[in-house]
Amino acid sequence: MRQSSIRVALCLALAIAGMTAAQAADTPAADAVPEPQQTENASLQDFIKANPDCLEFTDQCSHCVVVNGVAECSTAEIACIKRENHCTRRIAK
């Protein structure tokens with residue numbers, strides 16, 4: 001009976017340790033520096049300036065519409081591979 005209790009306690013301890021390690025892997029490190037949002041906004045503005053006739057564009061993750069010279073973009077899709085922006089709709093000439 002004593003060995004069964006020890007085995008159960010050991011299994012529980014290992015399960016808790018595994019969950020803690022998995023949670024730690026999902027949490028960003030304290031010293032990790034997130035990429036500044038300003039860089040992304042600057043690249044969007046650069047794209048808009050370089051493509052003044054573009055009304056809609058995408059990077060395969062977010063889809064953007066240009067409204068009064070400002071990009072209004074959807075939230076990035078979960079499993080996507082970000083690529084360079086390309087225009088999907090231009091001003092009709």
*Under the side chain to side chain donor-acceptor pair (under 3.5 Å) rule, collect the residues that match up with Asp53, sequence neighbours excluded.*
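Testing Asp53 for side chain to side chain donor-acceptor pair (under 3.5 Å), a comparison that skips the adjacent residues, returns Arg90.
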*List in chain and number order the residues that pass side chain to side chain donor-acceptor pair (under 3.5 Å) with Thr88, two or more places apart in sequence or in another chain; answer none if no residue qualifies.*
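With neighbours one apart ignored, the set is empty.
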*Residues that Arg89 engages under side chain to side chain contact (heavy atoms under 4.5 Å, CB included), provided they are two or more places apart*: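 Per chain and number, Arg89 pairs via side chain to side chain contact (heavy atoms under 4.5 Å, CB included) with Leu55, Glu56.
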[atom1]-[atom2] distance between [X] and [Y], expressed to the nearest 0.5 angstrom:
X     : Y     : atom1 : atom2 : value
Cys54 : Ile91 : SG    : CD1   : 9.0 Å
Leu44 : Cys73 : CG    : SG    : 5.0 Å
Phe57 : Glu84 : CZ    : CD    : 13.0 Å

*Which other residues belong to the hydrophobic cluster containing Ile81, where Ile, Leu, Val, Met, Phe, Trp and Tyr are joined when side-chain heavy atoms lie under 4.5 Å apart, directly or via other members?*
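In the cluster with Ile81 there is nothing else; it is isolated.
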*Quick one: name the residues clustered hydrophobically with Val65, using the 4.5 Å side-chain heavy-atom rule over I, L, V, M, F, W, Y, and just say none if it's on its own.*
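Grouped by the 4.5 Å side-chain rule, Val67 form the rest of the cluster around Val65.
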*Between Ser74 and His63, do the side chains contain an N or O donor and an N or O acceptor separated by less than 3.5 Å?*
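There is no such pair between these side chains.
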*Residue pairs, two or more places apart or on separate chains, that pass salt bridge (charged side-chain N to carboxylate O under 4.0 Å, His left out) and touch residues 58-77*: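 Pairs touching residues 58-77 that pass the test: Asp59-Lys82.
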